*Asks:* 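Take a look at the following structure, please.
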Amino acid sequence: MSLNCFCQEQLTLTYKTFDFNINIPNLKAGGGLNGWLCNQLAGSVLYKVNGRQHIITGSADSTSPQLHFITDKDNWVFENYYPEAAVSGGNRNYNFVDSNGTVAFASTGSEAIQPWLNGDLFIAKTIDTKLKWTKVSDVKSFYHSLGVGDLNGDSLFDVAGIHMGSYGNWGEEPQIYFQNPDGSFSETRNFLDVSSYSGMNNGLGAGYIGHLLNKKRPEIVLAEYGFNPNSFGSLVSNRKGFGVFSFDETLNKYVYQKGPTALGAFSNITHGATSIKSGDFNNDGKADLAIATEGFPGPRIQIWNGDGNGAFNPGQELFYGDTTIAYSDSTTDFREFEVMDFNKDGWLDIVVHPYNFGNAFRLNQTKNSPMGDGIILQNCIWENKKGQFEKIKNKLIIPNYTPGYMKGFFIDDKLRFFGFEEDKHSPRNTNAFKLIYVTINVCNNLVRPIFNSQKYSFCAGDTLKLSITNTNKGDTLKWYYGNKSDITNVNNKMFTDSTSLYVTRTDSLGCVISSDTINLIKYTIPRIPTLSRDTSNYLVASINGINWFKDGLSLPDTTQKYKPVTAGAYTIKTTQNGCTSLLSSPYYYLVTDILNLSSNEYIKLAPNPFGNQVNFDFLIKGYQKLNIDVFEMTTGNKNISFQNLTPGMPIYLGQLLPGTYLIKVSSTDNKIAYLFKMVKI
């Protein structure tokens, strides 16, 4: 087993492979499972019952028993083979009867054996890990399609087989088998009146049973295929496309009600129906049909919009591959389809089952390498865009594997594909092969990566740390910033420079979503502001965005101008873009007229102006010593301090430059403070 993942923006593809080599006794000519099993496309099915997935398939050549694979935890294992359901040439079509693992199969038998009377109708019922098979048909025929539903109102499902005119005296009329209470089936005639439906004369290729008209019993839809291609010209005027039959309570049988309002795809006489499914594709509350046809120039599916009364209008035609390539080249082949809301948006989508060759399915397919070197799945998924179908644009590629086909089913709310590949190292007549199992993950409701902060600026010299806060187990983060990236799956990163940044988050399913792009900005540290004193005795900062401090303690004022009421050393910082400067130089602010001396007290400083020396004298009751501080008048910077001066002491100031100075005389207990303005010459 191997496991790989290839991720896209809106869808992701994961796949596993499982190797098998099983022995099937008495497998007839045509050989082993390696090769033939890988081409049994039409009748292979995938479903889930009671927590376990199942695959039913068989060989596409000779008479082969049906093979049954089941899941055991996360692995696929071979359960058993069922010779009682052996068919020649493999099953051609199927119909899920219920959600409990009951499947109806139609087998054509080998088309190489003439006449075409080699097929059967079977019912497979899932019982725990086993299958119980019931043969419905009592004679062999070329069963091309079938429908399943309760036709006679006894609460048991019945089967109608489309056999393309290969069954005795039935002509083209479908074979209807009523289910008996014991689970067996009995053929019934004259329950479907086809006498008024002229489309019967053109051969039937597909049938369907389902509720289309809100009646108690389901409707039957029969669609044309065509007989001899050489006589198509004579059939153009007789073509009806398909017919809808409903139950007539009075006649106690099904009668023809209506056909399509126009031929649509059936106007091409080379096209014949192969399968039919229903669904409300335009969400108008009325049942519509989707009918697959094959012919030149390639198979297609046409949507038929129902009016609720049994009439259907041809709508959009869906083409799998290049319609300019001849059908015989097998480059655009698919075999039937499934209806599902694969992306759970409320609109039914269509998924076809690709096989054969051509670049619509094969990666790098060429004439010399028809299997290519991988497969492509996006071309087989048609997304319903509010009533109009479009192929998905995501690339869903599996390189290096070349299964014969891939079939898609809706399991556990997800689109799953499976297919079988030959063991390239074993002969085709051996029983070694590989199962490829694919899951398509729809990336809905993804949550963008969320950063731990909404502050994306920082200051020079700092580091900004960003983290993603909403990661889950199994997530992978990739950081993209400027021209750089970090794909090492780190949850946080440190940034020191300005840059543009986004982060992608890949979850455990491979779904990817990107964060918003953010811009990280590194701001420079502001220049250190300065302080000055104006003529009104305000301290003025050189810039705004100011924080004031007095003697190292923060002040509540943030204005550009501030008038102190007490003396002290004032400093400031400025904050710009969240970045704060260093502290300014202190400005010692002196408040004048602090002390009123009595008539017999004095403080004297002389001379004024002074040269290199000032004589200091004082007489103040209770004080024998005073202090002197000298400040620059313009900046408030303190130049010189003298402590514990006694009266009559000379003060040497020769070191001062000429200018105006403030001299503060104060006591140690700060109860005396007086300011002198003096000039140095």
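Just so it is clear, the model here is predicted, and its values are computed rather than measured. Counting begins at 1 with the first residue of the sequence.
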*Asks:* Rounded to the nearest 0.5 Å, what's the gap from CG on Asn75 to CD1 on Ile70? Could you check?
*Replies:* 11.5 Å

*Asks:* Applying salt bridge (charged side-chain N to carboxylate O under 4.0 Å, His left out) as the test, list every pair that has at least one member in residues 272-291; sequence neighbours left out.
*Replies:*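 Matches after skipping sequence neighbours: none remain.
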
*Asks:* Distance from Leu363 atom CG to Ser369 atom OG, nearest 0.5 Å?
*Replies:*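 If I round to the nearest 0.5 Å, the distance is 10.0 Å.
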
*Asks:* Is it true that a side-chain atom of Ser267 and a backbone atom of Gly264 form a donor plus acceptor pair closer than 3.5 Å?
*Replies:*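 Here the side-chain-to-backbone pair exists.
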
*Asks:* For Pro260, check side-chain contact (heavy atoms from CB on, under 4.5 Å) against everything at least two apart and list the hits.
*Replies:* Phe242, Trp304

*Asks:* Looking only at side-chain N and O atoms, does His68 offer a donor or acceptor that is under 3.5 Å from a partner on His54?
*Replies:*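 Yes.
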
*Asks:* Do Pro299 and Phe334 touch side chain to side chain, with heavy atoms closer than 4.5 Å?
*Replies:* yes

*Asks:* Within the distance-only criterion (no hydrogens, no angle test), does the side chain of Ser145 pair as donor or acceptor with the backbone N or O of Gly207 below 3.5 angstrom?
*Replies:*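 Flag set: sc Ser145 to bb Gly207 pair under 3.5 Å.
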
*Asks:* Answer whether the closest heavy-atom distance between the side chains of Tyr15 and Tyr401 falls below 4.5 Å.
*Replies:* yes

*Asks:* Determine, step by step, whether Phe20 and Phe69 satisfy the ring pair (Phe, Tyr, Trp, His ring centres under 6.0 Å) criterion, reporting the C-alpha distance in whole Å, the side-chain angles of both residues, the deciding distance to 0.1 Å, and the verdict.
*Replies:* CA-CA 11 Å; Phe20 293 92; Phe69 300 83; 5.1 Å; yes

*Asks:* Before giving the answer on side chain to side chain contact (heavy atoms under 4.5 Å, CB included), spell out for Ile55 and Leu435 the whole-Å C-alpha distance, their side-chain angles and the decisive distance to 0.1 Å.
*Replies:* CA-CA 10 Å; Ile55 290 175; Leu435 167 64; 4.0 Å; yes

*Asks:* Quick check for you: to the nearest 0.5 Å, what is the distance between Lys407 atom NZ and Phe420 atom CZ?
*Replies:* 11.0 Å

*Asks:* For Trp76, does its backbone N or O pair with a side-chain atom of Lys16 as donor and acceptor, under 3.5 Å?
*Replies:*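 No, because the side chain of Lys16 does not come within donor-acceptor range (under 3.5 Å) of the backbone of Trp76.
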
*Asks:* List the residues meeting side-chain hydrogen bond (donor to acceptor under 3.5 Å, both in side chains) with Asn100, not counting sequence neighbours, and say none if there are none.
*Replies:* none

*Asks:* When you compare the side chain of Phe357 with that of Met371, does any pair of heavy atoms fall below 4.5 Å?
*Replies:* yes

*Asks:* Please name all residues satisfying side-chain contact (heavy atoms from CB on, under 4.5 Å) with Met340, sequence neighbours left out, ordered by chain then number.
*Replies:* Glu338, Phe342, Val351, Phe410, Leu415

*Asks:* Heavy atoms only: give me the nearest Asn23-Tyr81 pair and the separation to one decimal.
*Replies:* O-CE2, 4.5 Å

*Asks:* Any side-chain donor paired with an acceptor under 3.5 Å for Thr270 and Asn268?
*Replies:*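 The criterion, which ignores hydrogens and geometry beyond distance, is satisfied for Asn268 and Thr270.
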
*Asks:* Side chains of Thr71 and Gln53: is there a donor and an acceptor less than 3.5 Å apart?
*Replies:* no

*Asks:* Give a yes or no answer on whether the side chain of Asn93 reaches the backbone of Leu146 with a donor-acceptor pair at less than 3.5 Å.
*Replies:*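 Between the backbone of Leu146 and the side chain of Asn93 there is no qualifying donor-acceptor contact (under 3.5 Å).
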
*Asks:* What distance separates Thr129 OG1 from Asn80 CG, expressed to the nearest 0.5 Å?
*Replies:* 9.0 Å

*Asks:* Can you name the closest pair of heavy atoms from Cys443 and Thr12 and give their distance?
*Replies:* SG-CG2, 3.8 Å

*Asks:* Assess the side chains of Asp120 and Ser107: does a donor N or O sit below 3.5 Å from an acceptor N or O?
*Replies:* no

*Asks:* Got a sec, which residues hit salt bridge (charged side-chain N to carboxylate O under 4.0 Å, His left out) with Glu84, two or more places apart in sequence or on another chain?
*Replies:* none

*Asks:* Kindly check if the number of other-residue, nucleotide or ligand heavy atoms within 6.0 Å of CG (Asn50) is above 12?
*Replies:*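 Check fails, neighbour count at 12 or below.
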
*Asks:* Looking only at heavy atoms, which two atoms of Ile276 and Leu289 are closest? And how far apart?
*Replies:* CG2-CD2, 4.1 Å

*Asks:* Does the side chain to side chain contact (heavy atoms under 4.5 Å, CB included) test come out yes or no for Trp382 and Glu390, once each step is laid out?
*Replies:* CA-CA 5 Å; Trp382 276 302; Glu390 297 178 7; 5.9 Å; no

*Asks:* Closer than 3.5 angstrom, by distance alone: can the side chain of Gln378 be matched with the main-chain N or O of Lys393 as a donor-acceptor pair?
*Replies:* no

*Asks:* In Å and rounded to the nearest 0.5 Å, what is the CG to CD1 distance from Asp507 to Ile513?
*Replies:*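 Taking CG in Asp507 and CD1 in Ile513, the distance rounds to 10.0 Å.
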
*Asks:* Are Gln302 and Thr293 close enough, and set up right, to give a side-chain hydrogen bond (donor to acceptor under 3.5 Å, both in side chains), and what steps lead you there?
*Replies:* CA-CA 8 Å; Gln302 179 146 39; Thr293 60; over 6 Å; no

*Asks:* Is there a side-chain contact between Lys434 and Glu422, using heavy atoms and a 4.5 Å cut-off?
*Replies:* no

*Asks:* Which pairs, with at least one residue in residues 45-57 and sequence neighbours excluded, count as a salt bridge (charged side-chain N to carboxylate O under 4.0 Å, His left out)?
*Replies:* Lys48-Asp412

*Asks:* Are the side chain of Asn431 and the backbone N or O of Asn21 linked by a donor-acceptor pair below 3.5 Å?
*Replies:* no

*Asks:* Taking only residues two or more places apart in sequence, or in another chain, which ones meet Thr439 in a side-chain contact (heavy atoms from CB on, under 4.5 Å)?
*Replies:* Thr14, Lys414, Arg416, Tyr437, Asn441

*Asks:* Check side-chain hydrogen bond (donor to acceptor under 3.5 Å, both in side chains) between Ser44 and all other residues, then give those that pass, not counting sequence neighbours.
*Replies:*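 Here the qualifying residues are Thr57, Tyr405.
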
*Asks:* Set out, in order, the CA-CA distance, both residues' side-chain angles and the distance that settles side-chain hydrogen bond (donor to acceptor under 3.5 Å, both in side chains) for Tyr177 and Ser137, then state yes or no.
*Replies:* CA-CA 8 Å; Tyr177 292 89; Ser137 53; 5.2 Å; no

*Asks:* Are Lys240 and Glu224 close enough for a salt bridge, meaning some N to O gap below 4.0 Å?
*Replies:*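 No, Lys240 and Glu224 are not salt-bridged.
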
*Asks:* Do Ile376 and Phe361 make a side-chain contact, defined as non-hydrogen atoms from C-beta onward lying under 4.5 Å apart?
*Replies:* no

*Asks:* Quick check against the 3.5 Å criterion: does Glu421 have a side-chain atom that pairs as donor or acceptor with the backbone of Thr402?
*Replies:* yes

*Asks:* Looking at Glu294 and Arg335, is there a salt bridge between them, counting it only when a charged N and a carboxylate O are closer than 4.0 Å?
*Replies:* yes

*Asks:* Could you state the interatomic distance from CD1 (Ile392) to CG (Leu377), rounded to the nearest 0.5 Å?
*Replies:* 8.5 Å

*Asks:* Are Ile162 and Tyr143 packed together at the side-chain level, in the sense that at least one heavy-atom pair is separated by less than 4.5 angstrom?
*Replies:* no

*Asks:* Under the side-chain hydrogen bond (donor to acceptor under 3.5 Å, both in side chains) test, which residues partner Lys130, sequence neighbours left out?
*Replies:*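 Result, side-chain hydrogen bond (donor to acceptor under 3.5 Å, both in side chains) vs Lys130: Glu79.
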
*Asks:* In terms of relative ring orientation, are Phe96 and Tyr94 parallel, tilted or perpendicular, with 30° and 60° separating the classes?
*Replies:*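 Judged by the thresholds at 30° and 60°, the geometry between Phe96 and Tyr94 is perpendicular.
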
*Asks:* Kindly state each residue pair satisfying salt bridge (charged side-chain N to carboxylate O under 4.0 Å, His left out) with at least one member in residues 371-384, sequence neighbours excluded.
*Replies:* Glu383-Lys385

*Asks:* Give a yes or no on whether the backbone of Gly346 and the side-chain of Asp341 come within a donor-acceptor separation of less than 3.5 Å.
*Replies:* yes

*Asks:* Of all heavy-atom pairs between Tyr320 and Pro354, which one has the smallest distance, and what is that distance?
*Replies:*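 Heavy-atom minimum between the residues: OH-CB, 3.0 Å.
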
*Asks:* Identify, with sequence neighbours excluded, every residue that meets side-chain hydrogen bond (donor to acceptor under 3.5 Å, both in side chains) alongside Thr126.
*Replies:*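 Partners of Thr126 by the side-chain hydrogen bond (donor to acceptor under 3.5 Å, both in side chains) criterion, ordered by chain and then number, come out as Tyr47.
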
*Asks:* Are Phe433 and Asp19 close enough that some pair of their side-chain heavy atoms sits under 4.5 Å apart?
*Replies:*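 A side-chain contact under 4.5 Å is absent here.
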
*Asks:* Within the structure provided, determine whether Thr274 and Tyr225 are in side-chain contact (heavy-atom separation under 4.5 Å).
*Replies:* yes

*Asks:* Just jot down the side-chain contact (heavy atoms from CB on, under 4.5 Å) partners of Ala124, sequence neighbours excluded, or say none.
*Replies:* Ile56, Phe105, Trp133

